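Have a look at the structure below, then the notes.
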Amino acid sequence: MTWQFLLDQFAAQFALWWVIWLGILLGIVVGILPGFSPQNTLIMLLPLTLAVPVEQALAFMIALYCANHLAGGVPAILMRIPGSGGAAATTLDGYPMARKGQAQQAIVLSFTASVFGGLITTLATIALLPWLSKLGLYLRSVEMVIIMLFGLTLIAVIAAKDTLKGLIAGFFGLLLGVVGTDHVYSEPRATMGFLELYDGVPLVPALIGLFAVSEALVMIEEKMIVEDDARERAMRASWADTVEGLVITAQKWWHIVWTAFVGLFIGIVPGAGASIAAFVAYQQSRMWSKTPELYGTGIPEGVIAPESANNGVTSGTLVPMMALGVPGGSTAAVMMIVLQYHGMVMGPRLFTTNPELAYGVFVSMAVAYIFMIFTILPLARYMARIVLIETTYLVPIIILVTAVAAFVERQYLFDMGLALIFGIIGYIAHKTNYHVTAMLIGIILGPLFEQYLVRALRLSEGNLMVLFSSPLANVLWGFLVLSLVLPLVRGRMRVNRS
Amino acid sequence: MQKESKAPLGADLVIPALALGFAIYFFFSTADLIWEAKANGVIIGTALVILIAFQVGRIALRVMKGEGDLGFAPLWQPREVVWKRVGLVVTTAAFIAAMPWLGLTLALWLGMLAQLWLIGVRRWKLLFWIPTVTAAAVYLLFIAVLDAGFPHGPIEMLLTR
């Protein structure tokens, strides 16, 4: 790979600007809507991507995929409704910022963290692709169990204000995550006789119910989303707020870089996804912060960490697909189908037989991120106005449109009903201070944790010591213990000093 | 003398009660399964039951000390929006139930009209235009562009004819 080769690749991708823009616009629309995943959209658009030349199909799919990850943070910030599981952690600080009249800054932070996080990891992937592709081979089920534990410890972090309530919510979510057939014998567990629950509790209706419906039911108590004393500030929002968001981004550049790499490494593992990366990045960001107590009150780091990580995942997910022929996620699997239809064979030989395509995928991603910042950044000011719309008009739109979105992924009316039930549970949890995010972490990470743990135990014939059997696993255990103990030590030191 | 207000702690027991009910259902429904299939759920469920026991004990202690009572006030406060809230849940359930017959677009239009009216919108222009624009946008995106498999009703049939 030479500089000339890379420059030619960039030039070729810039020539496809109109395809990339189409992908970005559609990606933003479906990213904002909860329930619409990029893989669903790509499956629906298969007739289009199979019909056009492979370069155009690829540029379109990549742009849509990246824009989708970016846009999921917008409703998470403005209405506490994550557009996807990867944006659920963004609600923790993004929504409080919006309530304080800082919606525009929060959106700008989300966009810039997403774009620069995605761009940095994409460029790193281009430079380090041969080495990164091998990393996936070292991260096995044992290491994944520990990575899941990083995410699950966020339950304890969230539970900081009322430990017992937080843990009950988290464990309730984990138990709901066990519903469905088990990973070894395919025995249905606690499905209440519903065939629709055999695959487990579907994430999208749970997400919509716990966040969107429940929030709407609470929202009707107030005139607007933004707090009364912050309304004046939100109404005076101008381009200066966008600039302020950019300045904060520049000040927190290191935060964007390291959390993006958390996303990249987690993304490389087949099966791991944006939601895990976002939760782990948020948990790590809080654990290493000098002011962990401010997380959850609406601080920029709480928006940057999950958004940067869930876009860092985008390039990571494609690494095993390109290098090993193993799709890193469901979106990568759909992309692989399209590329194979066009005669491309994924795997290690791709880099020698078709380097234009192998590197072109990541160059296309980098170009999509560059286009995205210019497309979406000017919109932040107008998007932030949503918090000034009266809740009387917003609430029916939120409840009914998100209920519609709950249907889209699996096309069961059952899922719409499930979203409503989760909405009622979420409302009760809101009103009694049982954290819905802790519940959602359990529902998302519970099944994955079980899957990797069962796999590791099967391979070791039930020997728990397998969890300490590799050097990498032991290093990860060390980091996990350190990230749990260090904040306690620092907290104690701070108390002693004061 | 002003009556001292007690914390309504009964509401804090609703989520634990739901969780406990589900844990008990899980234990009974998976009793006959192979250990590997239910191990994870049993461990999580047992931990959950222990946590709930602590929570019940904590609340019982506070009630005995006179710090709180078993009221459910937080769930229906503020009083003036209780019926709006119930109405939103009922109309959403009705919208889901009616969709197979009315189709997505008409059911959404009627559902939105009902919810807007329910939460206090009385200006007929808004009552007409908000549901119409929303239903049209949803129809365009989900049915016309993405063909997402929603039930078709009279409006969809009319538009596809």
Side-chain angles (χ1 to χ4, degrees), chain A residues 29-30 33 36 40-41 44-45 164-165 167-169 171-172 174-179 182 184-185 187 189-192 213 216-217 220-221 391-393 395-397 399-401 403-404 407-408 411 413 416-417 420 423-425 427-429 431-434 442 446 449-450 453-454 457-458, chain B residues 11-12 14-16 18-19 22-23 25-26 29-30 33-34 36-41 44-45 47-48 51-52 54-55 58 74-75 77-78 81 84-85 88-89 91-93 95-96 99-100 104 108 111-112 114-116 118-121 126 130-131 134 138 141-142 146-151:
Chain A
V29 172
V30 297
L33 283 172
F36 250 111
N40 272 358
T41 317
M44 288 169 187
L45 294 170
L164 202 48
K165 280 185 174 179
L167 290 177
I168 288 172
F171 273 84
F172 187 22
L174 281 168
L175 192 61
L176 287 170
V178 181
V179 171
D182 80 281
V184 183
Y185 302 102
E187 293 274 9
R189 300 167 302 182
T191 58
M192 299 176 207
V213 178
L217 292 176
I220 52 171
E221 293 170 16
T391 54
T392 324
Y393 308 124
V395 165
I397 296 174
I399 293 182
L400 295 178
V401 174
V404 168
F407 177 91
V408 175
Q411 308 197 346
L413 279 175
M416 296 172 78
L420 186 59
I424 296 166
I425 294 173
Y427 166 76
I428 298 167
K431 284 287 185 177
T432 51
N433 298 319
Y434 286 89
F449 178 73
E450 184 190 16
L453 183 65
V454 167
L457 291 177
R458 291 286 289 180
Chain B
D12 280 4
V14 178
I15 291 289
L18 286 171
F22 185 69
Y25 165 70
F26 185 90
S29 66
T30 59
L33 298 187
I34 293 167
E36 269 178 299
K38 63 181 177 184
N40 198 38
I44 293 168
L48 182 60
L51 289 168
I52 291 167
F54 274 116
Q55 175 72 332
R58 186 168 76 165
L75 298 182
Q77 275 176 347
V81 294
K84 287 181 183 175
R85 201 171 271 144
L88 287 172
V89 172
T91 47
T92 307
F95 158 68
I96 297 166
M99 213 169 75
L104 170 67
L108 182 62
M112 194 152 287
Q115 292 200 347
L116 283 168
L118 196 82
I119 59 174
V121 178
L126 289 173
I130 293 176
T134 312
V138 165
L141 182 67
F142 290 100
L146 295 168
D147 194 16
F150 280 96

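Fair warning: this is a prediction, and the values are worked out from it, not measured in the lab. Naming convention: chains lettered A, B, ... in sequence-line order (proteins, then strands); numbering from 1 in each chain.
Proximity to chain B (any heavy atom under 4.5 Å) is restricted, for A/Q411, to the side chain, taken from C-beta onward. For a residue to count as touching a neighbouring chain, one of its non-hydrogen atoms must lie under 4.5 Å from one of that chain's; by this rule A/I397 touches chain B with backbone and side chain alike. For A/I425, the parts sitting under 4.5 Å from any heavy atom of chain B are the backbone and the side chain alike. Only the side chain of B/V138 comes within contact range of chain A, with at least one heavy atom under 4.5 Å from a heavy atom of that chain. Only the side chain of A/V179 comes within contact range of chain B, judged by heavy atoms closer than 4.5 Å. Contacts between A/F172 and chain B at a heavy-atom distance below 4.5 Å involve backbone atoms as well as side-chain atoms. Heavy atoms closer than 4.5 Å to chain A are found in the side chain of B/F95, but not in its backbone. Within the 4.5 angstrom heavy-atom criterion, no atom of B/A114 approaches chain A.
A donor-acceptor pair under 3.5 Å links the side-chain atoms of A/R189 to the main chain of A/V178, judged by distance alone.
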Could you go through the side chain to side chain contact (heavy atoms under 4.5 Å, CB included) check for A/L174 and B/N40 one step at a time? CA-CA 9 Å; A/L174 281 168; B/N40 198 38; over 6 Å; no
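Around atom OH of B/Y25, more than 12 heavy atoms belonging to other residues, nucleotides or ligands sit under 6.0 Å away.
Interatomic distance, CD1 of A/I168 versus CG of B/L18, reported as 12.0 Å (0.5 Å rounding).
Among all heavy-atom pairs drawn from B/L48 and B/A23, the shortest one is CD2-CB, 4.4 Å.
Considering only heavy atoms from C-beta on, A/V404 comes within 4.5 Å of B/F150 through its side chain. Between B/R85 and A/Y427 there is a side-chain heavy-atom pair separated by less than 4.5 Å.
Considering only heavy-atom pairs separated by less than 4.5 Å from chain A, the leading option among B/I34, B/L126, B/T91, B/L104 is B/I34. Contact count versus chain A (heavy atoms, under 4.5 Å) is highest, among B/P74, B/G45, B/A39, B/S29, for B/P74. Of the residues considered (A/L453, A/L413, A/I424), A/L413 shows the highest number of contacts with chain B, using heavy-atom pairs under 4.5 Å. Each of A/G423, A/A429, A/A169, A/A216 has some count of heavy-atom pairs under 4.5 Å with chain B, and the biggest count is that of A/A429. Contact tally against chain B (heavy-atom pairs below 4.5 Å) for A/V213, A/D182, A/V454, A/T391: the top residue is A/D182. Between chain A and the options B/V14, B/V81, B/T92, B/T30, heavy-atom pairs under 4.5 Å are most frequent for B/T92. Contacts with chain A were tallied for B/P100, B/A93, B/G120, B/P16; B/P16 has the most, counting heavy-atom pairs under 4.5 Å. In terms of heavy-atom pairs under 4.5 Å with chain A, the best-connected choice from B/L88, B/L118, B/I52 is B/L88.
Taking A/K431 as the reference, A/E221 meet the salt bridge (charged side-chain N to carboxylate O under 4.0 Å, His left out) condition, with sequence neighbours excluded. Remark: A/T432 pairs with A/I428, A/Y434, B/A11, B/D12, B/I15, B/L75 by the side chain to side chain contact (heavy atoms under 4.5 Å, CB included) rule, at least two apart or across chains.
The only member of B/V121, B/I119, B/I130 that meets side chain to side chain contact (heavy atoms under 4.5 Å, CB included) when paired with A/P396 is B/I119.
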